[in-house]
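Down below is the structure, laid out as structure tokens.
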Amino acid sequence: MTLIVAARYAAMCLLLLAWSVTALAGPTPTDDQRQAASEVAESLEYGHYAEVEINDAWSKRAFKRLLDVLDDQRAYLLQRDVDNFSDLETTLDDALKSGDLDRVYAFYSHYQDRLEARLQWLVKRVDQGIDYDYASNERLALDREDSSWAGSESSLDDLWNKRLENAALTLSLSDQSPQEIQKTLHDRYTNQLNRVRQTNAEDVLVLLMAAVTGTVDPHTEYFSPQQSESFDIQMRLSLEGIGALLQSDGEYVKVSSLVPGGPADKAGVLQPADRIVAVGQDEDGDMVNVVGMRLDEVVDLIRGKKGSTVRLDVIPAKAVDVTRTHTVRITRDTVKLEDQAAHSRIEQVQRDGETHKIGVITVPAFYVDFDAWQAGESDYRSTTRDVAKEIAKLKAQDVEGIVLDLRNDGGGALQEANSMIGLFIDRGPTVQVRDAQGRINLYGDTDAGVAYDGPLAVLVNRLSASASEIFAGAIQDYGRGLVVGSRTFGKGTVQTLTDLSHGQIKLTRAKFYRISGESTQHRGVEPDILYPSLIDPDEIGESALDNALPWDRVRPVQYRLYGEPWRYIEGLQDRHERRIANDPDFVYLEKQAQLSKRLRDQQTSISLNKDQRQREMDAQESEQLALENQRRRALGMEPLEHWTDAREDGSTSGEEDKASEGSGNKDDKGAAANDSSEGDAADSDDAKPIDRAELQETSQILLDYVQLKSNG
């Protein structure tokens, strides 16, 4: 053996030894975690709605999913790292079933080594000083999910040099000085490094299980014992926080929906698809950058004592450029049942010199006071009972029709969807539920009589989900009324929570089907009259989730028809289109939806040249400002000078703004919940313009329906 060969061999041995020591120093699975893995495998194979086979084919999908969970932007691992652990493509199934997780944990340890090394590299580069001139003509790709793995460290260095320059440029465009930029980035990467070093064996199991369950469907999840406790608190609605449901979106944490009646809902400062980049406590706490932070850690930062304030630095949902952040303040509170209560008001429609009254009942959620119900109390609160009371109030005021506003209603108790349908039909099936064995249970209304048999419309949007979709679908199938708005979320599956020896599993066990036999899964409910939507269906909705179960159908059940609204759709559509052609808010909504889609499609990369970046941002904002001012002039409002003023004065709108008519003022909402009178219509003027426009147009459509039916 030559001296050179011997030296190389010794160096390789030292390298292998160093890697082995690092791997051994990483988290290792406990007996409890091994057992939990085996139980998850058994639950998936024998308890899930879909036919799940934990075999080599599944193992290949799970390994790919694990790579996406760990490094979806292909920014840390190299091709040789993936190759060195490619045996997991065919052994992950065996590891899961047997609980032999050592190889998986070794892979995670290697990934963590790469992650720590990269963060150390970033801290070192930042500490050397931020001296970019931002004159480069290079661009940075925004999404590398489909990119190939890098072949060398130098390739990743090139990527991270661009990423670092972009991070500095983003802060520079936010008017930070080079010294401030250096401190911000040093703190960001140092904090991330400290968090990574605190990773324990339980954290690794959670990441592994996210990959395992995510191969099956997006609603099946493993909860560690700590996560189980947190989930239980949320189900009891006693969690003190802001009332927002969050999800991971690459390096960001994204708002997926707002809890009706929660602090964020009342404040009106957060919207679905907003991305949170920093969290600060009270008015003077440091803003902690959460880009790249784990979801549960971000949630822990946002939680806090009732009455305290949390500050969130947010990239708005409609922002194309991530430099356009703004800070919102929300006072933490608990979500109370009365804050989610259905409430009503009168919508006045002017037509041919006459004033017509349409009742509007807003249903934020399908709720029931389970404790009072189980205790046998006669006056327990529920959606059905509250809606029945609002119907009685509206009928007493001689309304010509009723609109049920289910926008942003994410669902809730299935029994309430069934019983609320019963307020509008005289007995009959409401929904079919199919289990994993193919057995179908039929649910329905068994009470004779109806609370309201007059003209009815149901207003929905992309955030109407689950029980809302069951209700809207049944009203549509029965021909009981019109469904108006944008296509709903598409969640048509049922989950149950099961205890494991270590943690819990939330498992998809069944699927919803309409009485017509069609599933609400994936496709949602398509309205009879469709409104344009500012919510990107590729961002929000069941179809936007990986491995969502597909749409299908079962046999329809027998049910009676209460009407044939479809006979009038062509006439209703024609009147609707003629009306909105000159409606400033609907013209704005249509054009804004088109503009947002075009900008999203165009924005696949961002310039690292400061002047070019500014020009691109200015051009985008100029288009948005021109569109907003076109709407404002048509309404006789003062035009804005800057696009950023639009969100600050609350005049821009869309489905991502909260859709209840009192959302702009929590006192209005409370008043509407306690009293239904013609005076409430004036209160709704504080609502977002598009929300008001949709409600007014739905009332017009319902009035058209009444007139067309009366004319035969």
Side-chain angles (χ1 to χ4, degrees), residues 56-90 92 107-108 110-111 114-115 118 138-167 170 207-208 210-218 247-254 256 273 275 291-295 315 317 319-322 490 522 535-550 596-608 613 616:
D56 285 356
W58 173 90
S59 186
K60 189 171 184 177
R61 297 196 307 274
F63 181 62
K64 182 179 183 301
R65 184 78 181 174
L66 179 60
L67 292 173
D68 289 339
V69 168
L70 296 179
D71 190 9
D72 72 318
Q73 292 301 302
R74 310 302 191 245
Y76 301 104
L77 294 171
L78 300 171
Q79 181 64 59
R80 65 173 178 268
D81 299 327
V82 178
D83 292 342
N84 286 340
F85 287 90
S86 61
D87 56 290
L88 290 172
E89 284 190 313
T90 55
L92 197 51
F107 177 42
Y108 179 84
H110 186 62
Y111 160 76
R114 291 289 192 196
L115 179 55
R118 181 54 61 187
E138 292 187 293
R139 300 185 71 86
L140 175 67
L142 291 175
D143 187 0
R144 287 173 42 82
E145 189 174 351
D146 297 325
S147 299
S148 301
W149 297 100
S152 65
E153 288 279 5
S154 61
S155 295
L156 285 185
D157 288 347
D158 291 340
L159 169 65
W160 279 101
N161 272 316
K162 285 185 178 181
R163 283 190 157 199
L164 184 57
E165 184 173 359
N166 176 62
T170 298
L207 289 170
L208 171 61
V212 166
T213 59
T215 61
V216 181
D217 87 285
Q247 67 182 68
S248 295
D249 182 25
E251 292 185 312
Y252 293 98
V253 167
K254 180 174 71 177
S256 60
R275 287 169 287 177
V291 177
M293 189 182 290
R294 278 183 7 207
L295 178 61
I315 301 172
V320 180
D321 195 290
V322 296
H522 208 280
I535 294 182
D536 183 359
D538 293 332
E539 291 286 335
I540 299 291
E542 189 77 6
S543 59
L545 301 176
D546 292 337
N547 299 317
L549 295 183
S596 297
K597 184 180 187 306
R598 177 167 60 80
L599 292 179
R600 283 192 300 267
D601 291 343
Q602 291 175 350
Q603 197 79 2
T604 58
S605 65
I606 48 179
S607 175
L608 298 180
R613 180 82 153 264
E616 292 175 1

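Heavy-atom basis, side chains included; hydrogens, waters and symmetry copies ignored. Numbers here are sequence positions counted from 1.
- Side-chain atoms of R114 and H110, non-hydrogen and from C-beta on, do get closer than 4.5 Å to each other.
- A salt bridge is defined here as a Lys NZ or Arg NE, NH1 or NH2 lying under 4.0 Å from an Asp or Glu carboxylate O, and D158 with K162 fails to meet this definition.
- When each of T215, D72, D546 is checked for a side-chain hydrogen bond (donor to acceptor under 3.5 Å, both in side chains) with R65, only D546 meets the rule.
- Contact detail for L70 and Y111: the closest heavy-atom pair is O-OH, 2.9 Å.
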Show the numbers, then the answer: is there a side chain to side chain contact (heavy atoms under 4.5 Å, CB included) between L159 and L156? CA-CA 5 Å; L159 169 65; L156 285 185; 4.2 Å; yes
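- The minimum heavy-atom distance between T213 and A210, with the atom names listed, is OG1-O, 3.7 Å.
- Salt bridge E539/K254: present, at least one basic N to carboxylate O contact under 4.0 Å.
- Between the CZ atom in R144 and the CZ atom in R163 there is a gap of 7.0 Å [rounded to 0.5 Å].
- Without hydrogens or angle criteria, D71 side chain to Y76 main chain gives a donor-acceptor distance under 3.5 Å.
- With hydrogens and angles disregarded, a donor-acceptor distance shorter than 3.5 Å links the side chain of W160 to the backbone of A75.
- Judged by distance alone, with hydrogens and angles left aside, the side-chain atoms of D81 form a donor-acceptor pair with the main-chain N or O of L78 at under 3.5 Å.
- Residue N84 holds its CG atom at 10.0 Å from CD of Q79, rounded to the nearest 0.5 Å.
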Take D601 and K597 through the side chain to side chain contact (heavy atoms under 4.5 Å, CB included) test and state the conclusion after the steps. CA-CA 6 Å; D601 291 343; K597 184 180 187 306; 2.9 Å; yes
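- The pair D68-K64 counts as a salt bridge, with a side-chain nitrogen and a carboxylate oxygen less than 4.0 angstrom apart.
- Proximity of R613 to N166: side-chain heavy atoms (C-beta onward) are separated by under 4.5 Å at one or more points.
- Of the inter-residue distances, the one linking D146 atom CG with R74 atom CZ reads 8.0 Å to the nearest 0.5 angstrom.
- In this structure, L77 and F107 have side chains that are in contact, with non-hydrogen atoms separated by less than 4.5 Å.
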Audit row: F63, V82, side chain to side chain contact (heavy atoms under 4.5 Å, CB included) steps and yes/no: CA-CA 10 Å; F63 181 62; V82 178; 4.2 Å; yes
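- Scanning both residues, P218 and A548, for their nearest heavy atoms gives CD-CA, 3.6 Å.
- The backbone N or O of E89 lies less than 3.5 Å from a partner atom in the side chain of S59, making a donor-acceptor pair.
- Between the CG atom of L140 and the OG atom of S607 there is a distance of 10.0 Å, given to the nearest 0.5 Å.
- For the atom pair R80 CZ and S152 OG, the distance stands at 8.0 Å (nearest 0.5 Å).
- Atom-to-atom distance recorded for S605:OG and E138:CD is 11.5 Å, nearest 0.5 angstrom.
- Under the 4.5 Å side-chain criterion, counting only non-hydrogen atoms from C-beta, F85 is not in contact with Y108.
- The shortest heavy-atom contact between A544 and P537 is CB-O, 3.5 Å.
- Between G214 and N547 the shortest heavy-atom distance is O-ND2, 2.6 Å.
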